[in-house]
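In what follows, chains carry the letters A, B, and so on, assigned in the order in which the sequence lines appear, proteins first and then strands, with residues in each chain numbered from 1.
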Number of protein chains: 2
Amino acid sequence: MTDGKTHDTAESARPVFAAERRQRILELVRANGAVSLRDLARAVGSSEVTVRRDVRMLEGEGLLDRHHGGATLPGELTREPTYSQKTQLSGTEKAAIADLAASLVEDGDAIAIGAGTTTQAFARRLVRHTELAVVTNSLLVAQALADCPRVEVVMTGGTLRGSIHALVGSPAEQALSGLRVRRAFISGNGLTAERGLSTPNLQVASVDRAMARAAEDVVVLADHTKIGVDTMVQTVPTEEITHLVTDDDAPRDVLDDLASRGVRLHVARG
Amino acid sequence: MTDGKTHDTAESARPVFAAERRQRILELVRANGAVSLRDLARAVGSSEVTVRRDVRMLEGEGLLDRHHGGATLPGELTREPTYSQKTQLSGTEKAAIADLAASLVEDGDAIAIGAGTTTQAFARRLVRHTELAVVTNSLLVAQALADCPRVEVVMTGGTLRGSIHALVGSPAEQALSGLRVRRAFISGNGLTAERGLSTPNLQVASVDRAMARAAEDVVVLADHTKIGVDTMVQTVPTEEITHLVTDDDAPRDVLDDLASRGVRLHVARG
DNA sequence: CGCTAATTGATCGGTTTAGATCGAACGTGA
DNA sequence: TCACGTTCGATCTAAACCGATCAATTAGCG
């Protein structure tokens, strides 16, 4: 504020105003995308120190991004930090849940496996089983069992939902409607005693419902971050859930409530 | 060092910042699925040590997976023991074929893609297309296009054949019988002028046939090791093949024979 | 005319980055 | 299983860059 020009008219003298220099810096960065500090200094005819100051100021206003060695347009190289957090967030807990859930599967079973990273971890534990028949709409689950010759994997058809790597839509639901399995292993984004299992997506919910209908037992795989959480669409009501596999960080009150409604609990030690 | 720049116009060598380099590494891995460290270093113009550091950092953020000799997409979607096969065996030829085949696809097309490593490479080139509708029975193809929001991927159902990571059986064939696409991109294990495309497996052949029937044009993707080779089951007769994309090591006489039977040739420069 | 304030330029020390080297670990093939 | 080549990790070196302090020039003002 104080470092501005003394006169707004700027007609009296002809010094190289700081604002003008900064404008040129901005233009250069915009034109080239990325300019080194040295080139910038040469282009505007000032020292690197001055340009460094200017760039720092411009960064403060959010007009460009400062990097080691130069400046770039803002947001050009934005990294997405929230990409794989899901898989590594609670990896050990997921593994413990998956191990425990695998004990609910017997050789010769016919089971269905839904989409999700937890079910993917679960599927990896099934490679030791023999004569297994698995129905799934998850590419990740299918991939995990692909190299296992003693497990027959059947995929539903459908439209690929890239964010969760699973198939949805009426083809998937129809494929499930014609099948019957002993147990369905389903994950979700939230589980409460009142509303049961839920997920934020309509299409995913439909497929999960169809999968639950095709099974005698419904086993829910949910780590503690999902217990007591409710999301938009209900997929399986509590009454239809026969088993819940979770970890020991889950809130006790919700677990007790679920147990009182007939859900058999399996708590893995994290 | 301080080279006398004849003109102080900001037209100098564009700097490559660390963040930008990492972004390019990420793009390269995303585009090719698996890239060796040496290729990565050559592509970004840095030493292998530097690239190794970058890859390690990116792995720390979960943006890619590090393997011995290179990097792959995270989630080990491409868990294969023979890492070398994909990157160096006939990687360049496959890539050239895939590039050329991708030029046969236009925005807004509806296409079908069969199973195979060549078609997988082909699918990776389609991420830039928009408004694409893709039908496939290959998990690898679906996986390659999963993160592309502008491509709608529909999978046939069916039984998973682990060795080729594709779906076979009557559900797959039935799903294809109800569809109609402009072009089908099919690979195989052998292609001769007399018998056309062939594969050693009966179930795979049935699905490939169904895929060819669902398409107006049939495009065969086959590298030179498959040209002139005949395997057990015929999938598509020569008369139904409209395009062949191969590399320039393919035997000329077979190519001429195919061309005389109405197959349009596209020979990629290895 | 002299003083004050402000902006620019220069120098120094610390930090970050890129490249090179060497022992160790891994994968491959016999 | 063993041997060999390749790759990885760690340490080090060199160089570039950044931040801060200080000197110098210039404009403004009493």
| query | Does a side-chain heavy-atom distance below 4.5 Å link B:I97 with B:F122? | reply | no
| If you pin A:L37 and B:E48 to their nearest nucleotides in DNA chain D, which one's is more 5'? | B:E48
| Could you give the distance from CD1 (B:I113) to CG (B:L126), rounded to the nearest 0.5 Å? | 5.0 Å
| query | Of the non-hydrogen atoms in B:T136 and B:G114, which two are nearest, and what is the gap between them? | reply | OG1-O, 4.3 Å
| message | For a 4.5 angstrom cut-off between non-hydrogen side-chain atoms, does B:R161 reach B:L167? | response | no
Could you list, one pair per line, each protein nitrogen or oxygen that sits under 3.5 Å from a nitrogen or oxygen of nucleotides 19-22 of chain D, together with the distance?
from   : atom 1 : to    : atom 2 : distance (Å)
D:dG19 : OP1    : A:R66 : NH1    : 3.3
D:dG19 : OP1    : A:R66 : NH2    : 3.4
D:dG19 : OP2    : A:R56 : NH2    : 3.0
D:dG19 : OP2    : A:R66 : NH1    : 3.1

| task | Inspect the contact between A:R150 and A:E131 and indicate whether a charged nitrogen and a carboxylate oxygen are less than 4.0 angstrom apart. | result | no
| message | Nearest whole Å is fine: how far is C:dA25 C1' from B:H67 NE2? | response | 17 Å
| query | How close do B:L104 and B:V245 get, heavy atom to heavy atom, and via which atoms? | reply | CD1-CG2, 4.1 Å
| Distance in angstrom units between B:F17 CZ and D:dA16 P, rounded | 15 Å
| task | State whether A:T50 places a side-chain N or O below 4.0 Å from either non-bridging phosphate oxygen (OP1 or OP2) of C:dG9. | result | yes
| note | salt bridge (Lys or Arg N to Asp or Glu O under 4.0 Å) test vs B:D54 passes for just one of B:R66, B:R24, B:R22, namely B:R22
| query | Is any side-chain heavy atom of B:I25 less than 4.5 Å from a side-chain heavy atom of B:V51? | reply | yes
| query | Rounded to whole angstroms, how far apart are CE on A:M57 and P on C:dA6? | reply | 14 Å
Close N/O contacts between protein and nucleotides 1-6 of chain D (under 3.5 Å):
none

